[in-house]
There are 2 protein chains.
Amino acid sequence: MSTELSGGTAGPDALRPLLELVLAGLRAGAERRGGPIPAGSPALIAEQTAAALGITEDEDALLRLTEFLAYGSADPADPACAAHLHCPPLAVAVAADLAVSALNPSQDSWDQAPAATALETALLAELAELVGFQRGRAAGVLTSGGTESNLMGLMLARDQILGGTVELDGLPAGRRPRIFASRAAHFSVQRAAALLGLGENAVRAVPVDRELRMDAGQLAAALAEAVRAGETPIAVVATAGTTDTGAVDPLHEAAELAARYGAWLHVDAAYGGGALLSDRLAPLLDGIGRADSVSLDWHKLGWQPVAAGVFLVRQAQTYASLARRAVYLNPADDEQAGYPSLLGLSLRTTRRADAFKIAVTLRTLGRAGLGRLVDSCHELALGAAEVVRADPALELHCEPILTTVVFRYLPASGDPAEADRINAELRRVLLREGRAVVGRTELPGEGPGRVRLKLTLLNPHATAAEVAAVPAAVVRAARSLSDGT
Amino acid sequence: MSTELSGGTAGPDALRPLLELVLAGLRAGAERRGGPIPAGSPALIAEQTAAALGITEDEDALLRLTEFLAYGSADPADPACAAHLHCPPLAVAVAADLAVSALNPSQDSWDQAPAATALETALLAELAELVGFQRGRAAGVLTSGGTESNLMGLMLARDQILGGTVELDGLPAGRRPRIFASRAAHFSVQRAAALLGLGENAVRAVPVDRELRMDAGQLAAALAEAVRAGETPIAVVATAGTTDTGAVDPLHEAAELAARYGAWLHVDAAYGGGALLSDRLAPLLDGIGRADSVSLDWHKLGWQPVAAGVFLVRQAQTYASLARRAVYLNPADDEQAGYPSLLGLSLRTTRRADAFKIAVTLRTLGRAGLGRLVDSCHELALGAAEVVRADPALELHCEPILTTVVFRYLPASGDPAEADRINAELRRVLLREGRAVVGRTELPGEGPGRVRLKLTLLNPHATAAEVAAVPAAVVRAARSLSDGT
């Protein structure tokens with residue numbers, strides 16, 4: 001039984017044969033799957049999983065389980081896997097991630113991660129410039145994703161605006177903290193409010209237009225009404241790239257309103273931040289540099305394996321409420337002696353060096369190289385929208401803004417309830433048959449149960465024909481269902 | 001410029017040459033380092049990092065940056081790297097982690113992770129049994145580590161005990177929630193209280209004995225006093241394996257007191273949970289199955305690359321306050337159709353399949369194989385304690401309980417302030433010279449600035465002689481400093 005370690009000078013030789021097993025398993029599993037997702041029901045996959053795990057102390061476990069995981073994956077490298085903000089990673093980023101697994105630096109103290117600490121700090125300075133923050137004044141940290149980044153932004157907002165340490169039982173009466181976000185903002189905003197002890201009802205949902213862009217006039221009205229009602233606006237969350245349509249809220253107006261009401265401006269650019277890599281799309285995010293804090297996810301439009309979240313603040317000193325002194329991690333005299341600590345920048349303690357793969361990718365492809373990938377996906381979305389528009393059985397919701405296409409199948413009957421049932425069911429048919437992974441959603445303002453389908457196009461190497469095959473498969477599946485009813 | 005993807009049937013061939021570069025970089029970097037940590041100051045490493053990053057759009061970036069990261073790492077596979085709960089990963093776990101990076105499943109919806117969803121669920125059922133929970137009744141999730149797990153436990157405690165959705169401005173007067181944890185509990189307990197809006201002052205610090213074990217009588221007294229003062233005990237946090245000494249709080253007494261006062265019992269076994277793998281050490285954690293929630297970290301005594309945190313609850317229904325319905329991730333009709341969703345089990349949305357490497361490791365080595373690694377590290381700690389005890393220049397704080405040894409250098413003068421200065425400085429000397437990575441800490445009850453040194457022994461392949469060399473290096477470094485003053 002192999003108990004060899006990955007580190008030291010002997011680690012690479014211990015790893016090499018194991019990596020060959022992984023590559024063999026990845027290939028065999030992908031061949032066995034033969035499509036974007038394994039055919040079959042979740043119950044079948046669960047049975048197969050139990051069987052795959054039904055081995056004990058087996059030298060072949062790595063090969064066998066890797067093959068099973070590859071077989072049982074929804075593979076975003078397949079052009080017909082186009083449901084979620086779930087990108088196919090670049091091989092170079094995956095290889096870089098292996099170095100991190102093997103060396104296992106932990107970012108919570110310098111003496112667990114000397115180079116990785118310096119490297120994360122340098123990368124964040126570059127990313128701060130990318131969003132328009134001042135290099136020397138900004139700060140930030142790698143996160144597990146937009147949900148953690150949004151939580152951090154709202155936590156800092158709470159602590160900055162309400163002042164100092166917040167206590168559930170000690171808040172002066174009448175502060176009634178409120179957060180303003182669009183109806184199309186990510187649900188992690190509500191989740192963060194609940195976690196922070198503000199309650200989900202602290203979030204005021206501002207109406208959006210058809211493309212799901214926040215209405216600045218409605219934001220102004222909501223803020224004014226809250227203040228009249230004796231509430232305290234602590235944060236405005238502007239979304240730069242909604243999950244469904246990629247819409248970008250009016251960032252300048254949001255910045256002006258947040259400033260007028262003394263609220264924190266958090267910009268959730270988990271998806272849309274990728275537009276900053278593209279000369280063509282970057283203007284959509286004009287104004288993002290006025291944010292107090294920003295979320296970016298390089299595991300969306302950045303082609304990194306999960307996790308590659310980034311949280312940035314415009315002014316480092318606003319981070320104060322997270323600062324921590326742990327005698328075993330960042331003692332004061334070590335810091336005086338020049339040992340830096342990232343501990344106070346993160347909600348986590350132990351933390352993987354996720355900055356490394358991003359740095360390697362940026363140094364391999366450059367911003368321009370990544371921008372070309374963003375543009376390819378944008379073009380695929382524009383092409384897919386044309387395909388949808390050209391098919392009378394399909395209805396396009398709106399022009400693509402980034403790389404998603406929202407649409408639905410329209411049954412001949414025109415009955416809305418039938419449309420909802422068929423769109424929901426045809427998606428499951430495509431999954432069960434292992435033919436396509438199509439997203440679904442419901443749009444704010446349309447009422448619950450109004451099912452829309454969605455393509456999220458993140459594979460820059462997919463061809464227009466491969467992508468066009470997905471709406472065609474949707475129509476075929478819908479017709480097979482209609483025939484069957 | 002390579003923009004190949006890691007997925008599909010072509011992914012393995014795209015990855016192979018890149019992985020060879022990574023292995024070459026890992027070896028070259030480890031050879032260049034030639035010890036547990038690169039010699040030099042943090043300022044020097046930061047300069048070297050800036051130089052390493054000073055390349056643009058370079059095909060060699062992967063090799064060059066991997067070599068630099070390896071050179072600039074604190075390598076826990078080196079026996080002289082023994083400061084933190086920062087383990088040297090098993091090569092098999094690192095290889096398994098590569099499969100996860102390449103396939104990039106995301107655990108927030110079934111259609112991003114069919115097999116990985118089933119696999120995580122199956123692994124958690126096994127781990128629930130390991131801590132003594134009932135397989136069918138428990139629930140849990142993979143986390144980024146003990147800090148996130150502790151936060152989840154305290155969030156569920158807050159929501160369960162205070163009832164429903166908690167709002168900062170809506171809590172009935174006089175609830176005054178309080179958390180009880182020992183003075184040696186991890187600082188993430190205070191952090192969680194702050195994040196949750198309870199305030200750090202909500203945490204009552206219960207005294208500990210010399211080995212840092214919570215005093216059950218003092219816990220009983222603190223709970224009684226809080227209730228007399230009109231406060232609401234919402235949680236007792238028992239630590240199973242303190243970071244410094246590995247002490248395990250009295251779990252049965254904590255369970256009885258928590259039950260008596262209607263409080264949630266969270267057991268932080270981030271470190272000590274590894275003892276469950278060892279027949280010899282598992283009895284230390286007797287009573288852990290009475291917890292309402294538990295933290296385990298397989299990236300500590302489990303030899304996984306970060307992150308491999310586990311959060312478990314005894315009763316699945318106590319998870320209710322985290323449940324979320326996101327129309328694009330877990331629509332109700334998809335769940336009715338048999339599509340499971342892990343979304344409501346995690347604080348995160350996008351989430352890496354960290355369960356996979358743990359499952360592969362367990363199926364390769366078995367619990368018994370891992371238990372032997374735990375026992376090896378325990379024996380190394382017992383041996384190192386003997387070495388420390390035998391040296392009149394060193395003072396052992398207490399017998400090792402798990403795999404740590406707390407001690408300090410005693411200067412000939414016997415002056416406590418000189419001792420503190422020398423112990424702090426000798427640690428930095430060893431770091432600067434690249435000779436050893438020794439931990440430091442301060443113990444509760446000793447006052448600030450009373451510096452102790454610490455070995456955290458997590459390399460099961462280190463020899464007793466290699467480990468004994470570290471206290472010897474401490475003494476030599478101390479004497480070089482004393483001579484210099």
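Every heavy atom of this structure was used, including side-chain atoms; hydrogens, water molecules and symmetry mates were not. In what follows, chains carry the letters A, B, and so on, assigned in the order in which the sequence lines appear, proteins first and then strands, with residues in each chain numbered from 1.
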How close do Asp75(B) and Gly7(A) get, counting heavy atoms only, and between which atoms?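 Looks like OD2-C, 3.7 Å.
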Toward chain A, the part of [X] with a non-hydrogen atom under 4.5 Å:
| X | result |
| --- | --- |
| Thr117(B) | neither |
| Arg427(B) | side chain |
| Pro76(B) | side chain |
| Asp333(B) | both |
| Ser109(B) | side chain |
| Tyr71(B) | neither |
| Ala43(B) | neither |
| Leu347(B) | both |

Strictly by modelled atom types, are [X] and [Y] linked by a side-chain donor-acceptor pair under 3.5 Å?
| X | Y | value |
| --- | --- | --- |
| Ser101(B) | Arg352(B) | yes |
| Asp111(A) | His84(B) | yes |
| Thr243(A) | His186(A) | no |

Just wondering, do [Y] and [X] contact through their side chains at under 4.5 Å, heavy atoms?
| X | Y | result |
| --- | --- | --- |
| Val94(B) | Leu5(A) | no |
| Pro340(B) | Pro42(A) | yes |
| Leu15(A) | Leu98(B) | no |

Most contacts with chain A, counted as non-hydrogen pairs under 4.5 angstrom, among [options]:
| options | answer |
| --- | --- |
| Val92(B), Leu431(B), Leu195(B), Leu26(B) | Leu195(B) |
| Arg27(B), His86(B), Glu442(B) | His86(B) |
| Pro89(B), Ala424(B), Ser73(B), Gly145(B) | Pro89(B) |

Which of the residues [options] is involved in the greatest number of heavy-atom pairs with chain B at under 4.5 angstrom?
| options | value |
| --- | --- |
| Asn459(A), Leu119(A), Leu151(A), Leu69(A) | Leu69(A) |
| Leu373(A), Leu322(A), Asp244(A), Leu362(A) | Leu322(A) |
| Ala83(A), Ala70(A), Ala10(A) | Ala70(A) |
| Glu425(A), Arg428(A), Met155(A), Lys300(A) | Arg428(A) |

Where does Glu148(A) contact chain B at under 4.5 Å (heavy atoms): side chain, backbone, both or neither?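 For Glu148(A), no heavy atom lies under 4.5 Å from chain B.
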Any salt bridge linking Arg351(A) with Asp108(A)? Criterion: basic side-chain nitrogen under 4.0 Å from a carboxylate oxygen.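 No, Arg351(A) and Asp108(A) are not salt-bridged.
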Please determine if Arg191(B) and Glu200(B) form a salt bridge, counting it only when a charged side-chain N lies under 4.0 Å from a carboxylate O.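 Not counted as a salt bridge, because no side-chain N and carboxylate O are separated by less than 4.0 Å.
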Using ring pair (Phe, Tyr, Trp, His ring centres under 6.0 Å) as the criterion, list what pairs up with Phe187(A), not counting sequence neighbours.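 Per chain and number, Phe187(A) pairs via ring pair (Phe, Tyr, Trp, His ring centres under 6.0 Å) with no residue.
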